[in-house]
Amino acid sequence: VRRGTLDTAGYAYDVAVQGDLAYVADGPQGLRVVDVSDPDVPVELGGLPLVDAAWGVDVNGSYAYVAAYGRGLRVIDVSDPATPVEIGVYDTIDSARKVHISGPYAYVADYEDGLRVIDISDPYNPAEVGYFDTGGRALDATVSGPHIFVADDRNGFLVEPNSAPA
């Protein structure tokens with residue numbers, strides 16, 4: 001049985017949850033921050049329009065990391081959920097679809113340009129430190145231990161070694 005709903009203004013493509021807050025990649029409406037402390041009545045607290053559609057989101061601490069389609073990785077300070085602020089950008093080559101955070105790295109599925117590994121240890125100045133050519137169109141990625149797992153719509157499920165610097 002469904003507990004609660006919130007009709008966002010855009011297209012909710014992805015969601016990441018940390019504590020009582022959900023961060024929604026809301027397509028052309030950018031990032032939306034939603035209070036889910038009462039799952040029966042989710043309440044939008046704030047949002048941030050982006051320069052391109054938000055397709056993917058992950059969150060770590062006070063930062064949300066958004067895959068912003070044709071404008072790469074956007075780093076958003078969400079320490080005040082009512083007024084998120086963009087503080088860092090890494091413009092990937094193609095269309096950033098999804099992002100996964102593991103340690104000091106953002107793993108960005110960048111469609112026809114494979115998988116980008118971005119060092120986010122300085123959230124104001126993200127920098128690419130690795131790249132994997134998936135041979136197709138990278139749509140999503142996640143990390144577990146020494147491996148990166150990639151969903152590629154032309155080549156299926158890929159397992160890559162995680163050679164990001166320690």
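- Residues Ala96 and Trp55 share a closest heavy-atom pair of O-CB, 4.0 Å.
- From Leu21, atom CG reaches atom CG of Asp35 across 6.0 Å, with rounding to the nearest 0.5 Å.
- The two atoms that bring Gly145 and Asn162 nearest to each other are O-ND2, 3.9 Å, heavy atoms only.
- His100 and Tyr107 have tilted rings, their planes meeting at an angle from 30° to 60° on a 0 to 90° scale.
- Closest approach of Gly103 and Asn60 over heavy atoms only: O-ND2, 4.3 Å.
- For Asp14, the side chain to side chain contact (heavy atoms under 4.5 Å, CB included) criterion is met by Ala25, Val57, Lys98, not counting sequence neighbours.
- Within a 6.0 Å radius of OH in Tyr131, more than 12 heavy atoms belonging to other residues, nucleotides or ligands are found.
- Residues satisfying the salt bridge (charged side-chain N to carboxylate O under 4.0 Å, His left out) criterion with Arg97, sequence neighbours excluded, are absent altogether.
- Taken together through direct or relayed side-chain contacts under 4.5 Å among Ile, Leu, Val, Met, Phe, Trp and Tyr, Tyr23 and Val15 form parts of separate hydrophobic clusters.
- When all heavy atoms of Pro81 and Pro84 are compared, the closest pair comes out as O-CD, 3.6 Å.
- For the side chain to side chain contact (heavy atoms under 4.5 Å, CB included) with Leu31, the lone residue among Asp26, Val59, Val66 that qualifies is Val66.
- Between Asp91 atom CG and Glu128 atom CD the span is 11.0 Å, to the nearest 0.5 Å.
- Hydrophobic side-chain contacts under 4.5 Å tie Phe157 into a cluster, directly or through other members, with Phe149, Val159.
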Walk me through it: do Val150 and Phe132 pass the test side chain to side chain contact (heavy atoms under 4.5 Å, CB included)?
CA-CA 10 Å; Val150 181; Phe132 296 96; over 6 Å; no
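- With side-chain heavy atoms closer than 4.5 Å counting as contact, directly or through intermediates, the hydrophobic cluster containing Ile120 also holds Tyr63, Tyr65, Leu73, Val75, Val85, Ile87, Tyr90, Val99, Ile101, Val108, Ile118, Tyr124.
- Nearest approach of Gly114 to Ala138, heavy atoms of both residues: O-CB, 3.5 Å.
- Closest approach of Asp58 and Ala16 over heavy atoms only: CA-CB, 3.9 Å.
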The test is side chain to side chain contact (heavy atoms under 4.5 Å, CB included); show your working for Leu6 and Val24 and say whether it passes.
CA-CA 11 Å; Leu6 176 69; Val24 180; over 6 Å; no
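- The salt bridge (charged side-chain N to carboxylate O under 4.0 Å, His left out) with Arg137 is formed by just one residue from the set Asp110, Asp152, Asp94, Asp153; it is Asp153.
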Side-chain donor-acceptor distances from residues 38-52 under 3.5 Å, at least two apart:
residue: Asp38; atom: OD1; partner: Asp40; partner atom: N; Å: 3.0
residue: Asp40; atom: OD1; partner: Arg3; partner atom: NE; Å: 2.8
residue: Asp40; atom: OD2; partner: Arg3; partner atom: NH2; Å: 3.3
residue: Glu44; atom: OE2; partner: Arg32; partner atom: NE; Å: 3.0
residue: Glu44; atom: OE2; partner: Arg32; partner atom: NH2; Å: 2.6
residue: Asp52; atom: OD2; partner: Gly70; partner atom: N; Å: 3.1

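- Under the 4.5 Å side-chain contact rule for hydrophobic residues, Tyr111 and Leu115 do not share a cluster.
- Atom CD1 of Ile93 is separated from atom CD of Glu112 by 12.5 Å, given to the nearest 0.5 angstrom.
- Not a single salt bridge (charged side-chain N to carboxylate O under 4.0 Å, His left out) links Asp7 to another residue, sequence neighbours left out.
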